[in-house]
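Scroll down for the structure; my scribbles are underneath it.
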Amino acid sequence: MQKMLHDMVETYGDRIYRLALRYTCDSFQAQDITQETFLRAFQHLDRFDRSKPAGPWLFKIATNLCRNWMRDGREIPVSYSEELNQSSAPGPEEHYLAKEKEKVLVDTLHQLPVMYREVILLKHVSELSYFEICEALDLELTLVKNRLYRGRKMLKEALEKQERLI
Amino acid sequence: MKMDQCPDVLTIQAVLDGEEKSEKVNQHIQNCSSCRQVYRDLSGLVSVAERLGSEAVLPDQFYKTLNTRVAAKPFPAGLVAAVMFLFTFLSAYIIDPGYIQWWLSAGMTGQISYVLDILIDVLFLFQALGSFWLIFTVTALVVFEVLILNKLKVAEG
């Protein structure tokens, strides 16, 4: 059991953490959600069909925890975590600009309706396939494709609007 | 074999996402100018969303902390059940010392009490609920049990 948990953390840990980090913009909250995801998975391993990959099941738990976190009315911190993107530009000015651009992008993402935001995050942050997103969100394939298309479109349009304002 | 009709935007999106591997569709997109335009537009949408990608990794101590939580002792259900039983028993004794004697000797009352106690034990054994709800449910059942016993005590004289 412990070995299975270890393998799950090795394979999916970072991707679940990134997902939670994009939801909460807070590394402590994101770690907490990731811990809770694996803890719940461990407690309910008997419900998990071991012939299937664990990914969609884990992301389903993580997404539900993120939804609960949002439902509790938690606010996204003003200062973004340093960990959001560790590949920022090296110079202080570039670093600042990169962080500002990232902040605008994440702010814009959080303005999208949850149903679009979720598929975008699972696709681009957690790097799930269409099939895995379907499993994680209990959605039909057509719906996932549609939400991904509309979500991406809305994100780009909203971002362009934001950048024009700035 | 060529495609007669242009694929819809969702199919072109699937090609871009590496989810649609059909040779026919791929070839069509390469040879059709309007589909190529759709593909380019979609690439623009994807590149914006891809900026959300992150390289953040979990801190080193993550697995150690998780392991500590996983290995933590389970909720001391047995101990709590024993304390609750003792509490009910002593409360009954304080209210009326004869109650215990009556409780042990009552026929019908004893059976109902037995069924409810089994239910409580099952809840504890399986720990199907979180700690808070477990305590809440068991407390509610104990209160319910005491109320029923009280009613029956009156009914049985």
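Being a predicted model, the structure only gives us computed values, none of them experimental. Quick note on labels: first sequence line is chain A, next is B, and so on, each numbered from 1.
B/Thr65 touches chain A through backbone and side chain together, each having a heavy atom under 4.5 Å away. Of the two parts of B/Tyr63, only the side chain, counted from C-beta on, holds a non-hydrogen atom closer than 4.5 Å to a non-hydrogen atom of chain A. Of the two parts of A/Ile16, neither the backbone nor the side chain holds a non-hydrogen atom closer than 4.5 Å to a non-hydrogen atom of chain B. Contact of A/Lys123 with chain B is made through the side chain alone, with heavy-atom distances under 4.5 Å. Interface remark: B/Glu19 contributes side-chain atoms only to the contact with chain A (heavy atom separation under 4.5 Å). Heavy atoms of A/Leu159 lying under 4.5 Å from chain B belong exclusively to its side chain. At a 4.5 Å heavy-atom cutoff, B/Asp41 makes no contact with chain A through either its backbone or its side chain. Proximity to chain B is absent for every atom of A/Ser126, based on heavy atoms less than 4.5 angstrom apart. If you measure heavy-atom distances from B/Val9 to chain A, the contacts under 4.5 Å come from the side chain alone.
The only option from A/Lys153, A/Arg150, A/Arg147 that meets the side chain to side chain donor-acceptor pair (under 3.5 Å) definition with A/Tyr116 turns out to be A/Arg150.
Within the 4.5 Å cutoff, no side-chain heavy atoms of A/Lys161 are placed close to those of A/Glu157. At a threshold of 4.5 Å between non-hydrogen side-chain atoms, the residues A/Phe59 and A/Tyr12 count as touching. Annotation: side chain of B/Arg51 is not in contact with side chain of A/Glu102 (no heavy-atom distance under 4.5 Å). Between A/Leu128 and A/Arg15 the shortest side-chain heavy-atom distance falls below 4.5 Å.
Listed options A/Leu39, A/Leu155, A/Val125 were ranked by heavy-atom pairs under 4.5 angstrom with chain B; first place goes to A/Leu39. Interface check for chain B: of the options A/Gln43, A/Lys156, A/Arg18, the most heavy-atom pairs under 4.5 Å are formed by A/Arg18.
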Working for side chain to side chain donor-acceptor pair (under 3.5 Å), residues A/Gln111 and A/Arg117
CA-CA 9 Å; A/Gln111 285 163 18; A/Arg117 198 190 314 163; over 6 Å; no
Using side chain to side chain donor-acceptor pair (under 3.5 Å), reason through B/Gln37 and B/Arg40 one step at a time and then give a plain yes or no.
CA-CA 5 Å; B/Gln37 185 55 49; B/Arg40 270 195 295 273; 3.1 Å; yes
Under the salt bridge (Lys or Arg N to Asp or Glu O under 4.0 Å) rule, what do A/Arg40 and A/Glu36 come out as? Steps first, then yes or no, please.
CA-CA 6 Å; A/Arg40 288 195 187 186; A/Glu36 200 57 37; 3.4 Å; yes
